[in-house]
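Data block below; observations after.
The model shown is predicted, which means the values in this text are computed figures rather than measured ones. Scope of the values below: all heavy atoms of this structure, side chains included, with no hydrogens, waters or symmetry mates.
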Amino acid sequence: MALSTKNNKYNRLHKSYPMFMDEDFLLQSDFAKMLYHDFAKPLPIIDYHNHLPAAEISQNHQYANCTEVWLSGDHYKWRAMRTLGIDEKYITGDTSDVEKFIKWAETVPYTLRNPLYHWTHLELRRYFGISELLDEQSAKHIYESTQELLQEEEFRTKGLLKKMNVAVLATTDDPIDNLKHHSEFQNEKEDLQLLPSFRPDKAYALENPKEYISYLSLLGESVDYEIRTYIDLLHALNQRIQFFVEMGCKSADHGLQQLPFFNLGDFDSSHLFDKVLNGEQLSQKEVSYFKFETLVHLGRKYHEVGWVQQFHLGALRNTNSRMLSKLGPDTGFDSIGDFQQAMPLAHFLNLLDNTNQLTKTIIYNLNPSDNEVFASMIGNFNDGSVKGKIQFGSAWWFLDQKDGMEKQLNSLSNLGLLSCFIGMLTDSRSFLSFPRHEYFRRILCNLLGNDVENGELPADEKWLGKIVSDICHHNAKDYFGF
């Protein structure tokens, strides 16, 4: 009798649980479900910042297996595997692809409550139609099933993008890039817009003189003259900007710990440039000043050509020197930094605004303790000339998970206008990362739906549906001019 009572209690509880990741995943109210299914879900994706290789899109690359398309280069997954104690040979080493996949599959069940658990199963479902949970038992079957599908035409890069209804994809490209693959793709007259973005970080990275001199040589080749002076450098960057404009580029992006700020003339950038060309090591303050003056020049040029400038701020990179030496950068050894942001950011934007040369700007924050700083900062420089001219960018990197997205959306809502927000991006190197847009859209709709359920917003389907549609698609399309 006691066992029967226990089983009945278990059955009642079990029946009350929603199915994991069903069609209403993350949607806690009927209004949220309506907003997502009727307004957010059908909209094409505009991914205005990512790190996907244009060559693989242009060449319609075919992946050999799921390890290649899914695990290669994904330092989010690598960090989780290392945390679980998995040997590096199964992560970035030379073991077989199937062995690496099985080790990842063994890791997945232990990632519960990490966004990797949701992303993994969303990606398996949306791309491959696999609803089975990935673990040690299912690994071999899922590896073989996905490997078979990846040999089909629709699972090449173009097909993968089409599956996710991607309309615009903006890559991240160094000024020296000849954009050959963008040009080839554009000549094919595809429905997808594949556009470059200008990422000039190496042009002002003076920390290592030897590496910088090597980079200048490559930049000089791209403009057909030797770069001998700081003025030469600025002219070269101007030329490359014009080339990117001709290739359809709409934005520039910069990865910085913080935006540096000085008074113009505190140092002589021409002199600093000459010192580096002579192999001299600059002080940290000298390096920061050189970045500052070069970024001011670039910011004014972006305004001239009508680009959006993006600043990704707050990452503390390459913290593990031993692993940096072994594996190189972007391999999973970066973290959130706690740099001062407000004062230099305000001064930098104000300097450009003073001469009416502050272009449309997106600032991305990596430290959640600075959310309100960034959300309030954008209001200081919205001047009525453009809707949402200065944007508090989507939660990114360590923050592009449920809690991080909700905090960013709430900070923006409280201190700015959520209705003007340009929405989500992948910032990813993986062709299987586009369900992150779905993840964001569900979280957005759930926030608004809960407000309706709580009586904090009116149950106005038409108006709230318009706001959702704008955030998920239309605001970004108008903002960048896609």
Please list, one pair per line, the donor and acceptor atoms closer than 3.5 Å that link side chains of residues 324-342 to other protein atoms, with sequence neighbours excluded.
unit_1	atom_1	unit_2	atom_2	d
Thr331	OG1	Gly328	O	2.9
Asp334	OD1	Asn318	N	2.6
Gln341	NE2	Gln257	O	2.9

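- Closest heavy-atom contact between His51 and Asp427: NE2-OD1, 2.9 Å.
- Nearest heavy atoms, Leu366 versus Phe398: CD1-N, 3.7 Å.
- Using a distance-only test at 3.5 Å, with no hydrogens or angles considered, no donor-acceptor pair links the side chain of Asn371 to the main chain of Ser411.
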*For Asn350 and Asn380, run side chain to side chain contact (heavy atoms under 4.5 Å, CB included): C-alpha distance rounded to whole Å, both residues' side-chain angles, the deciding distance at 0.1 Å, then the answer.*
CA-CA 9 Å; Asn350 186 60; Asn380 298 336; over 6 Å; no

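- Considering Asn165, Asp47, Thr426 in turn, Asp47 is the only one that fulfils the side-chain hydrogen bond (donor to acceptor under 3.5 Å, both in side chains) rule with His437.
- In this structure, Lys77 forms a cation-pi arrangement with Trp104, its terminal cationic atom sitting closer than 6.0 Å to the ring centre and no more than 45° off the ring axis.
- The side-chain heavy atoms of His347 and Phe262, taken from C-beta on, include no pair separated by under 4.5 Å.
- Each of Asp268, Val276, Leu272 was scored for a side chain to side chain contact (heavy atoms under 4.5 Å, CB included) with Glu286, with one residue passing: Leu272.
- Within a 6.0 Å radius of NZ in Lys163, other residues, nucleotides and ligands contribute more than 12 heavy atoms.
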*Which is it for Tyr63 and Glu56 under the side-chain hydrogen bond (donor to acceptor under 3.5 Å, both in side chains) test, yes or no, and what are the steps along the way?*
CA-CA 10 Å; Tyr63 295 96; Glu56 291 184 11; 2.4 Å; yes

*Given the rule in the side chain to side chain contact (heavy atoms under 4.5 Å, CB included) test, do Phe482 and Ile46 qualify, once you have shown the distances and angles that lead to the verdict?*
CA-CA 9 Å; Phe482 292 133; Ile46 293 177; 3.6 Å; yes

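- Pairing each heavy atom of Glu106 with each of Leu84, the nearest pair is O-CD2, 4.3 Å.
- Each of Lys103, Arg82, Arg322 was evaluated against Glu88; a single residue qualifies, Arg82, per the salt bridge (charged side-chain N to carboxylate O under 4.0 Å, His left out) test.
- Summarising the geometry of Ala139 relative to Leu134, their closest heavy-atom pair is CA-CD1, 4.1 Å, with the distance given to 0.1 Å.
- Note on ring orientation: taking the six-membered ring where Trp is involved, the planes of Phe392 and Phe374 are tilted (angle from 30° to 60°).
- Each of Ile362, Asn475, Val168 was checked for a side chain to side chain contact (heavy atoms under 4.5 Å, CB included) with Phe480, and the lone residue meeting it is Ile362.
- One N or O on the side chain of Thr111 and one on the backbone of Val108 form a donor-acceptor pair closer than 3.5 Å.
- Other residues, nucleotides and ligands contribute at most 12 non-hydrogen atoms within 6.0 Å of the NZ atom of Lys402.
- In this structure the side chain of Pro53 reaches within 4.5 angstrom of the side chain of Phe431, judged on heavy atoms.
- For NZ of Lys275, the number of neighbouring non-hydrogen atoms (other residues, nucleotides, ligands) closer than 6.0 Å is greater than 12.
- Not one N or O on the side chain of Thr120 forms a donor-acceptor pair closer than 3.5 Å with the backbone of Tyr117.
- Look at Asp383 and Lys389 and you find a salt bridge, because one of the NZ, NE, NH1 or NH2 atoms lies within 4.0 Å of a carboxylate O, short of that distance.
- Between Lys301 and Glu304, at least one side-chain nitrogen of the basic residue sits less than 4.0 Å from a carboxylate oxygen of the acidic one, meeting the salt-bridge criterion.
- When the options Lys360, Gln309, Gln310, His49 are evaluated for a side chain to side chain contact (heavy atoms under 4.5 Å, CB included) with Ser251, the one that passes is Gln310.
- Without hydrogens or angle criteria, Tyr48 side chain to Gly423 main chain gives a donor-acceptor distance under 3.5 Å.
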*Just do the side-chain hydrogen bond (donor to acceptor under 3.5 Å, both in side chains) check on Tyr230 and Thr294 with the steps written out, would you?*
CA-CA 9 Å; Tyr230 183 56; Thr294 307; 3.0 Å; yes

*Going through the checks in order, is the salt bridge (charged side-chain N to carboxylate O under 4.0 Å, His left out) test met by Asp173 and Arg199?*
CA-CA 5 Å; Asp173 308 282; Arg199 180 74 174 244; over 6 Å; no

Could you list the donor-acceptor pairs under 3.5 angstrom formed by side chains in residues 31-45, with sequence neighbours left out?
unit_1	atom_1	unit_2	atom_2	d
His37	NE2	Glu23	O	3.2
His37	NE2	Asp24	OD1	2.9

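- The backbone N or O of Asn50 lies less than 3.5 Å from a partner atom in the side chain of Thr172, making a donor-acceptor pair.
- Listed for the Gln258 side chain is no donor-acceptor partner under 3.5 Å among the backbone atoms of Pro260.
- Nearest heavy-atom pair, Lys291 versus Ala205, reported as atom, atom and distance to 0.1 Å: NZ-CA, 3.9 Å.
- Taking all atoms of both residues into account, the shortest heavy-atom contact from Pro109 to Asp135 is CG-CB, 3.6 Å.
- A donor-acceptor contact shorter than 3.5 Å links the side chain of Asp22 to the backbone of Phe25.
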*Does the pair Tyr215 and Glu211 meet the rule for a side-chain hydrogen bond (donor to acceptor under 3.5 Å, both in side chains), with working shown?*
CA-CA 6 Å; Tyr215 177 77; Glu211 290 182 4; over 6 Å; no

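- Around CD of Glu456, the count of heavy atoms belonging to other residues, nucleotides or ligands within 6.0 Å exceeds 12.
- Ring orientation note: the planes of His254 and Tyr302 are tilted relative to one another, at an angle of 30° to 60°.
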*Going through the checks in order, is the side-chain hydrogen bond (donor to acceptor under 3.5 Å, both in side chains) test met by His312 and Asn365?*
CA-CA 7 Å; His312 284 81; Asn365 172 45; over 6 Å; no

